[in-house]
Amino acid sequence: MTIPELRLTPVSHAIGKRSPVTCRLKCADACLGPECNTSSNAHFRDIASQAISRRSVLGLGVAGAVGLVVGGAAGGSAGPAFAAKPGTAGLAFTPIAPVDRTVDAFTVPAGYRWQPIIRWGDPLFSSVPAFDFDHQTAEAQAGQFGYNNDYLDIIADPSGKTGVLVTNHEYVNPDLMFTPTTDPEERRRRGEIYKAAMGMAVVEVKRRRVGDPWEHVVDGARSRRITVESVFELTGPAAGSDLVTTAADPEGRWVKGTLGNCAGGTTPWGTVLSGEENFNGYFAWAADTAEQRRYSGSSTTATETGWEQYDERFDAHDPRYVNEPNRFGYIVEIDPSDPTSTPKKHTAMGRFKHEGANVTIAEDGRVVAYMGDDERNDYLYKFVSKGRYTAATSTGARRKNMTLLSEGDLFVARFSGNSPAAEITGTGAMPADGAFDGTGEWIALTRGGESVVPGMTTEQVLVYTRLAADLMGATKMDRPEDVEPNPLTGKVYLALTNNSRRTVATLDEVNPITGNRYGHVVELTETSGQAGETFGWSILLLCGDPAVTDYTYFAGFPKELVSPISCPDNVAFDSEGNLWISTDGAPSTIGYNDGLFRVPLEGDQRGNVQQFLAVPREAETCGPVIHDREGLVFVAVQHPGENGAVGAQTSYFPDYVATHSGDKVAAPRPSVVQVWKG
């Protein structure tokens, strides 16, 4: 089977991190349009520095003496000259070598195997027809696994032999699903398939014994699809306000659908959170007010899905539906144990382009959720609940916990560096104190559930959260993506994927690279408790390929010994507290397929980036789940072969067949993949 040559992304488009195809479909070319954040908020270099001791306040610092380990071949090719630290529970591996971006293969370390758990189009129920690539219908897709899976979790039952897989379906790629058409009726028919292919999925899974790979269960009692047509309940202070009412919902409390679901998190009480990210591209809207322009920089009359041509709620030019976009951009909460439950959208957690939300329990029992707003020069947020978590497993305790995200206070981060502005040169050269670091504060947008932003009501703060953060002087960041607390240490890790428009004039110590194409990772330490309002921070990683990029930094670990990494996106942790990073953008920045990387955070291996796997050609690595004690790793493989088209595929993952045969398809299929020793 001959695969066409990759159509390389022109450098002029590398403002973002992916090909023009995905930029258009996933985020409506946000990186090419006018910047949404036109506020005059100070960057770091404009904020007064406050000198602090990193060791006394942060408990951080450059790693000490480094021990080197020599490794051998990995995944059939020679890897970097080091191996994983021996003794890691269940996941000792030799890092793989970087995989060239033209390779259409799922690559794992020597001694490991992989297979999909579920693929786009696989039926969840026996009443649903088998996937027929050439004869797709909306009715079938609504009962099949959706497209472009992103956030992922595998939640095992107490037996360890059954459980549920939960994932987001972020967006669709029509070019990979259908041949081109100009027929209006066919476009409308396909539009309904797009609605059914997006949203979320809950899929029952099973296995013979703990440690075995999983398989999905057809007709699972908890399985369900949540789509663009599913009903959601708005919760919190903005629910019922005039800002979220429409002709179809004059009460402003019931929303049809969820859009742009990117990353997420699983709560201690067993529900799943999903971030509505690039929702703006699904609406035709005027962008003729400051509130609208803050979420969509320019007016639009047509969308990629075409829904506005026949579904009036997606035409925000219509005064009856001008508020429909205000009903998206929230954190969604679903109960995967109850397929009859109504999902919720939590307005108390703010409205922006949520990458996701990850929850921890503060020292006083309140719930703390960390959230990134994934657009260049937007912000890092934290939500602190009013109520306190109940650890009991009773039905009543769980029901109470499921209300915790409906009421609380919202904060946005303001950072300060501790080095003189003249030492932040944009080249990656370390300031005199040997680290990019400093302090920060969480600026309240609401207190006691009420607005503290001058001139804005509580409802306005929670619906136009970006404007509220602008007014309170939040720090502009290089595209905040996933942000998660380490369950062992409480330290918080923020992936900043990139910002090619960062200029010398806008440099600051936490975003210290001009034209930041490769991204970086920041480590935060709460200094007044997990629910407190002060923190310390330092840059853990300045990403890139050390062989070609001078300014890379890996927490002091020798850069010539690490795996090259670019565009950090999602993060996760294993049972030993190691950080795992999935990437989105390596093909167009460092020329390799995206992958999953482990990064020790303690001891002499701190900062030692080790590549565990690579996804196929033109795919993005999403939703990593690390069950290292079982020797299992899971990832969602999104948009494989994104530059191809039906009849001109550039990837055949995961079936790798030349023609359709049985349940195998001669086309790329976004899939959830598990990796294990074998």
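What's counted below: heavy atoms across the whole structure, side chains too, no hydrogens, waters or symmetry copies. Keep in mind the model is a prediction, meaning the values are calculated, not measured.
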Novice: Checking N168 against M200 for the side chain to side chain contact (heavy atoms under 4.5 Å, CB included) test, could you report, in this order, the C-alpha distance in whole Å, the side-chain angles of both residues, the deciding distance, and whether it holds?
Specialist: CA-CA 4 Å; N168 293 339; M200 302 179 69; 3.4 Å; yes
Novice: With a 4.0 Å cut-off on N to O distance, would you call R466 and D373 a salt bridge?
Specialist: yes
Novice: Are the side chain of T497 and the backbone N or O of P568 linked by a donor-acceptor pair below 3.5 Å?
Specialist: yes
Novice: Do P268 and V359 make a side-chain contact, defined as non-hydrogen atoms from C-beta onward lying under 4.5 Å apart?
Specialist: yes
Novice: Is there a side-chain contact between L496 and P480 in this structure, where contact means two heavy atoms from C-beta onward sitting under 4.5 Å apart?
Specialist: yes
Novice: Main chain of R388, side chain of K400: is a donor-acceptor contact present, judged purely on distance under 3.5 Å?
Specialist: yes
Novice: Check A238 against V463 and note the closest heavy-atom contact, atom names and distance.
Specialist: CB-CG2, 3.8 Å
Novice: Quick one: does any side-chain atom of N486 pair with a main-chain N or O of K491 as donor and acceptor, under 3.5 Å?
Specialist: no
Novice: What pair of heavy atoms forms the shortest contact from S385 to G387, and how long is it?
Specialist: OG-O, 2.7 Å
Novice: Mind checking whether Y370 and Q530 have side chains closer than 4.5 Å, heavy atoms only?
Specialist: yes
Novice: Could you give the distance from OG1 (T167) to CG (N148), rounded to the nearest 0.5 Å?
Specialist: 10.0 Å
Novice: Can you list the steps and then say if Y171 with Q638 is a side chain to side chain contact (heavy atoms under 4.5 Å, CB included)?
Specialist: CA-CA 10 Å; Y171 71 103; Q638 191 183 92; 3.6 Å; yes
Novice: Is Q611 reaching over with its side chain to a backbone N or O of L613, donor-acceptor style, under 3.5 angstrom?
Specialist: yes
Novice: Do E602 and E576 have side-chain heavy atoms sitting under 4.5 Å apart?
Specialist: no
Novice: Assign the ring pair F93 / Y112 to parallel, tilted or perpendicular, where the plane angle (0 to 90°) is split at 30° and 60°.
Specialist: perpendicular
Novice: Does the side chain of S274 reach to within under 4.5 Å of the side chain of Y151, using non-hydrogen atoms?
Specialist: no
Novice: Between E276 and T258, is there a side-chain donor-acceptor contact under 3.5 Å, judged purely by atom types and distance?
Specialist: yes
Novice: Between N278 and E375, is the side chain to side chain contact (heavy atoms under 4.5 Å, CB included) condition met? List the steps.
Specialist: CA-CA 9 Å; N278 292 301; E375 193 151 350; 5.5 Å; no
Novice: Find the distance between CD (E459) and OG1 (T347) and round it off to the nearest 0.5 Å.
Specialist: 8.5 Å
Novice: Specify whether F314 and W307 have parallel, tilted or perpendicular ring planes, treating 30° as the upper limit for parallel and 60° as the lower limit for perpendicular.
Specialist: tilted
Novice: How far apart are the C-alpha atoms of L540 and L601, what are their side-chain angles, what is the distance that settles it, and do they pass the side chain to side chain contact (heavy atoms under 4.5 Å, CB included) test?
Specialist: CA-CA 9 Å; L540 178 76; L601 297 173; 3.8 Å; yes
Novice: For the side-chain contact (heavy atoms from CB on, under 4.5 Å) test, which of T465, L410, V452 pairs with T446?
Specialist: L410
Novice: Check whether the side chains of E484 and N570 place a donor and an acceptor atom closer than 3.5 Å, and report yes or no.
Specialist: no
Novice: Once you round to the nearest 0.5 Å, how far does CD of E355 lie from CE of M371?
Specialist: 13.0 Å
Novice: Is the side chain of Y295 donor-acceptor paired with the backbone N or O of R351 at a distance under 3.5 Å, no angle test?
Specialist: yes
Novice: Would you mind telling me which of F612, F573, F597 makes a ring pair (Phe, Tyr, Trp, His ring centres under 6.0 Å) with W580?
Specialist: F612
Novice: If we only count heavy atoms from C-beta on, is the I226 to V332 side-chain gap below 4.5 Å?
Specialist: no
Novice: Should the pair R598-D628 be classified as a salt bridge under the 4.0 Å nitrogen-to-oxygen rule?
Specialist: no
Novice: Where the side chain of Q144 meets the backbone of P129, is there a donor-acceptor pair that is under 3.5 Å apart?
Specialist: yes
Novice: For D409 versus G449, what's the shortest heavy-atom pair and its separation?
Specialist: OD1-N, 2.8 Å
Novice: Answer yes or no: is there a side-chain heavy-atom contact under 4.5 Å between N358 and V483?
Specialist: no
Novice: Considering only NZ, NE, NH1 and NH2 on the basic side and carboxylate oxygens on the acidic side, decide whether D122 and R669 come within less than 4.0 Å.
Specialist: yes
Novice: Supply the atom-to-atom distance D594 CG to T583 OG1, rounded to the nearest 0.5 angstrom.
Specialist: 3.5 Å
Novice: Taking all heavy atoms of F232 and all of S230, pick out the closest pair and write down the distance.
Specialist: CD1-O, 3.5 Å
Novice: So how far is it from E170 CD to D150 CG, rounded to the nearest 0.5 Å?
Specialist: 4.5 Å
Novice: Suppose we call two aromatic rings close when their centres sit under 6.0 Å apart. Are Y381 and F352 close by that rule?
Specialist: yes
Novice: Locate the shortest heavy-atom distance separating I117 from L165; write the atom from each residue and the value.
Specialist: CG2-CD1, 4.0 Å
Novice: Identify whether the distance between the nearest side-chain nitrogen and carboxylate oxygen of K344 and E333 falls below 4.0 Å.
Specialist: no
Novice: How far does NZ of K382 sit from CD of E533, to the nearest 0.5 angstrom?
Specialist: 7.5 Å
Novice: Taking D157 for the side chain and G160 for the main chain, is one N or O donor matched with an acceptor at less than 3.5 Å?
Specialist: no
Novice: Here's a test for you: under side-chain contact (heavy atoms from CB on, under 4.5 Å), which of V367, L405, V368 qualifies with F383?
Specialist: L405
Novice: Looking only at heavy atoms, what is the nearest atom pair of L445 and A468, with distance?
Specialist: CD2-O, 3.9 Å
Novice: So if I apply the ring pair (Phe, Tyr, Trp, His ring centres under 6.0 Å) rule between W442 and each of F535, W537, F411, Y379, which one comes out positive?
Specialist: F535
Novice: Counting only N and O atoms by type, is there a donor-acceptor contact under 3.5 Å from the side chain of R119 to the main-chain atoms of D663?
Specialist: yes
Novice: Any side-chain heavy atom of I626 within less than 4.5 Å of one from L91?
Specialist: yes
Novice: Within the side chain of D374, is there an N or O that forms a donor-acceptor pair under 3.5 Å with the backbone of E481?
Specialist: no
Novice: State which residues pass ring pair (Phe, Tyr, Trp, His ring centres under 6.0 Å) with F328; sequence neighbours excluded, sorted by chain then number.
Specialist: F283
Novice: Is there a donor-acceptor contact under 3.5 Å from the side chain of K195 to the main chain of E229?
Specialist: no
Novice: Parallel under 30°, tilted from 30 to 60°, perpendicular over 60°: which one fits the rings of F145 and H169?
Specialist: perpendicular
